[in-house]
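I have placed the structure first, in the form of C-alpha cells, so that the comments after it can refer back to it.
Worth knowing before you read on, the calculation uses all heavy atoms, side chains too, and leaves out hydrogens, waters and symmetry mates. Values in this document were obtained by computation on a predicted structure and should not be read as measured data.
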Amino acid sequence: GEINMKKTLGIIIMAALCLSTVSAAKAKKAKKVKIGIAKIVQHVALDDVERGVMDAIKDAGINATFDNQNANGDVNTANQIANQFKDENVDVAVGIATPVAIALANTLRNTPVVFGTVTDPLGAGLVTTLDHGDKNVTGMSDELPSKQHIKLFKEIAGIKTLGYIYTASEDNSVSSLKLVQDGCKEAGIELVVQSISNSSEVKQAAEAIVNRVDGIYLTTDNTVFSALPSLVAVFNKAKKPIFSGDVTGAKEGGCFMASGFNYYKAGYATGEMVVEILNGKKPSTIPVRFMTKPEDSDLLFDLDAAKACGITIPAKYLEQATYIIENGKLTTK
C-alpha cells in the first residue's frame, strides 16, 4: 500500500508543479489594459496626436484596448466622457486639448490622467509645477519654443526689429505675446506689436507695421492663420521675411521659414508617458514634457522667399529641414 501512496503523492506533486508552471506562464503574459482617449474636436492635428498615443503604447508591446471619444467641441460632452471612463474603470485616461484634460482631471481622482497638447498646464490648473505631475495627473505641453525661434530668426535673417500681430481675445495668443516679448529681450531685438480682433483686420495690421520691422513672427494664432494669405502678400511685396510657428500654413508658400510641432510626434511622446505609468511609474513623479527638441518639430524653408528677401540659409539648418519649397514646389525630406 505504501508504494501506491508514494506514487499517488508523486503524481499529486507532479500535477501541482505542472499547475504552477501553467499559472506562472499565464502571469507572464501581460494582462489586457484599457485606455480611454478623449479629444476636444476632430481635426487633423488632434487626430495625429491620438494616432501617436496609440502607436507608442502598441510599440511598447502592451496589450491594450482603446476607447476613443470625441467631445465635438462641447464641455458638457467632455464631462460625460469622463464619467464614462470612470464607469469603465479605464487603466489610464488621456485628454487631448485643455477642456477635455480638465474634465478628466476633475472626474477621475484615482485613475492616472495624461494630458496631451495643453499649451499652459499651469494656467489650466492641471499641475502646480512643471517639474513633476500633480497627484494622478501629468502630461505634455505644446507651448511653442518662441524664444528659440526668435534667436534662430535673428541668427539666420539678421533682424533687428520684429513684428508680431496677435488676437487680443485669444488666450493662447496673449500668453504667446509674453513669450515673444521675453524672447526679443533675450535676443536684444526690438518688438513692434499690433493687436487685432478679427481676421478681416489682418491685412490692415500687416500694412501698419511692415515698414517698421525687419521681419514678422507668427505664433499659433487661429485668427491670424485664417487670413494668412493677406499677411503673406503684404510682407512678400515688401521683401521682408516671415517666420511662422505653424508649418501647415507655411506649406502654401511665402513664409521664409516655419518651425512647429509635428503633432504625431507630440502624441507619441504623450503615449510614452502612458507606457511609463503602465510600467509602474506614478504620474506625480513624471515631469511635464515639452516638445522643444529639434527632432520633435517640423522645419520648413521657402528658398524662393529667402532669395527674394536676400537671405542665405546656413547649410546646417537646410540639412535639418523636413520641408523645402523651391521654384514654387514643396518637397519633403
Checklist entry - What's the shortest heavy-atom distance between Lys160 and Ile189, and which atoms? => result O-CB, 3.3 Å

Checklist entry - Under 4.5 Å between side-chain heavy atoms, hopping through other hydrophobics if needed: is there a path connecting Leu300 to Ile324? => result no

Item to check | Where Phe301 and Ala321 come nearest, the two heavy atoms and their spacing | outcome: CD1-CB, 3.9 Å

Checklist entry - Where do Ile242 and Phe256 land on the side chain to side chain contact (heavy atoms under 4.5 Å, CB included) test, with the steps shown first? => result CA-CA 5 Å; Ile242 302 165; Phe256 129 81; 5.7 Å; no

Item to check | Heavy atoms from other residues, nucleotides or ligands near CD of Glu155 exceed 12 (cutoff 6.0 Å) | outcome: yes

Item to check | Heavy-atom side-chain proximity of Leu46 to Asn70 below 4.5 angstrom | outcome: no

Checklist entry - Sub-3.5 Å donor-acceptor pair from the side chain of Ser244 to the main-chain atoms of Ala250, do we have one? => result no

Next on the checklist: Let me confirm one number: the CG-OG distance from Leu179 to Ser146, rounded to the nearest 0.5 Å.
Outcome noted: 5.0 Å

Next on the checklist: Does this structure show an ion pair linking Glu207 with Lys203, if we count only N-O contacts that are shorter than 4.0 Å?
Outcome noted: yes

Checklist entry - Looking only at atom types and distance, does a side-chain atom of Lys240 sit under 3.5 Å from a main-chain N or O of Val213, one as donor and one as acceptor? => result yes

Checklist entry - Hey, does Thr322 have a side-chain heavy atom less than 4.5 Å from the side chain of Val247? => result no

Checklist entry - Do Asp304 and Asn327 have side chains that get closer than 4.5 Å, going by heavy atoms? => result yes

Item to check | Check: Met140 and Thr117 side chains under 4.5 Å, non-hydrogen atoms | outcome: yes

Next on the checklist: If I compare all heavy atoms of Pro287 with all of Thr138, which pair ends up nearest, and what's the gap?
Outcome noted: O-OG1, 3.8 Å

Checklist entry - Counting only N and O atoms by type, is there a donor-acceptor contact under 3.5 Å from the side chain of Thr161 to the main-chain atoms of Asp214? => result yes

Checklist outcome for this item: In this structure, NZ of Lys333 is separated from CG of Leu299 (nearest 0.5 Å) by 8.5 Å

Checklist entry - Taking C-beta and beyond as the side chain, do Ile209 and Tyr164 meet within less than 4.5 Å on heavy atoms? => result no

Next on the checklist: Could you go through Asp67 and Gln84, starting from their C-alpha distance and side-chain angles, then the distance that decides it, and tell me whether this counts as side chain to side chain contact (heavy atoms under 4.5 Å, CB included)?
Outcome noted: CA-CA 10 Å; Asp67 182 4; Gln84 186 181 317; 3.2 Å; yes

Item to check | Tyr268 reachable from Phe261 in the ILVMFWY side-chain graph, under 4.5 Å edges | outcome: no

Checklist entry - What distance do Thr111 atom OG1 and Leu104 atom CG have between them, rounded to the nearest 0.5 Å? => result 9.5 Å

Checklist outcome for this item: Smallest heavy-atom separation, Thr167 atom then Val174 atom, equals O-CG2, 4.3 Å

Checklist entry - Can you name the closest pair of heavy atoms from Val118 and Ala101 and give their distance? => result CG2-CB, 4.2 Å

Checklist outcome for this item: Between the CD1 atom in Ile165 and the CG atom in Leu231, the distance rounded to the nearest 0.5 Å is 5.0 Å

Item to check | Results of side chain to side chain donor-acceptor pair (under 3.5 Å) for Asn236 - residues two or more places apart only | outcome: none

Checklist entry - Counting only N and O atoms by type, is there a donor-acceptor contact under 3.5 Å from the side chain of Asn262 to the main-chain atoms of Ser297? => result no

Checklist entry - Any idea which heavy atoms bring Gly254 and Val232 closest together, and the distance? => result CA-CG1, 3.7 Å

Checklist entry - How would you list all residue pairs meeting salt bridge (Lys or Arg N to Asp or Glu O under 4.0 Å) that involve residues 318-328, not counting sequence neighbours? => result none

Checklist entry - Under a 4.5 Å cut-off applied to non-hydrogen side-chain atoms, are Val113 and Pro283 in contact? => result no

Checklist entry - Looking at side-chain heavy atoms only, is the closest gap between Val180 and Ile150 below 4.5 Å? => result yes

Checklist entry - Does the Lys154 side chain pair with the main chain of Ala187, one donor and one acceptor, at a distance under 3.5 Å? => result yes

Next on the checklist: Please enumerate all residues that pass side chain to side chain contact (heavy atoms under 4.5 Å, CB included) together with Ala71, with sequence neighbours excluded.
Outcome noted: Ile40, Thr77, Ala78, Ile81, Val100

Checklist entry - Considering residues at least two apart in sequence or located in another chain, which fulfil the ring pair (Phe, Tyr, Trp, His ring centres under 6.0 Å) criterion with Tyr217? => result His149, Phe243

Checklist entry - Is the closest side-chain heavy-atom distance between Val33 and Val92 below 4.5 Å? => result no

Item to check | Of all pairs that satisfy salt bridge (Lys or Arg N to Asp or Glu O under 4.0 Å), the ones with a partner from residues 42-63, not counting sequence neighbours | outcome: Lys39-Asp47, Lys39-Glu50, Asp48-Arg51

Next on the checklist: Using the rule that Ile, Leu, Val, Met, Phe, Trp and Tyr join whenever any side-chain heavy atoms are under 4.5 Å apart, tell me whether Met291 and Leu126 fall into a single cluster.
Outcome noted: yes

Item to check | side chain to side chain contact (heavy atoms under 4.5 Å, CB included) evaluation trace for Val127 with Leu122 | outcome: CA-CA 5 Å; Val127 288; Leu122 280 176; 4.3 Å; yes

Next on the checklist: Before you tell me yes or no, could you show the steps for Phe85 and Thr107 under side chain to side chain contact (heavy atoms under 4.5 Å, CB included), namely the whole-Å CA-CA distance, both residues' side-chain angles and the distance that decides it to 0.1 Å?
Outcome noted: CA-CA 9 Å; Phe85 285 171; Thr107 305; over 6 Å; no

Item to check | Nearest-0.5 Å distance, CG of residue Leu177 to OG1 of residue Thr219 | outcome: 8.5 Å

Item to check | Interatomic spacing from CG in Asp221 to OG in Ser199 - rounded to 0.5 Å | outcome: 10.0 Å

Next on the checklist: Same cluster or not: Val49 versus Tyr264, using hydrophobic residues (I, L, V, M, F, W, Y) connected whenever any side-chain heavy atoms lie under 4.5 Å apart?
Outcome noted: no

Next on the checklist: Does anything in residues 70-99 form a salt bridge (Lys or Arg N to Asp or Glu O under 4.0 Å)? List the pairs, not counting sequence neighbours.
Outcome noted: Lys31-Asp91, Lys34-Glu88

Checklist entry - Same hydrophobic cluster for Ile313 and Phe153, using side-chain heavy-atom links shorter than 4.5 Å among ILVMFWY? => result yes

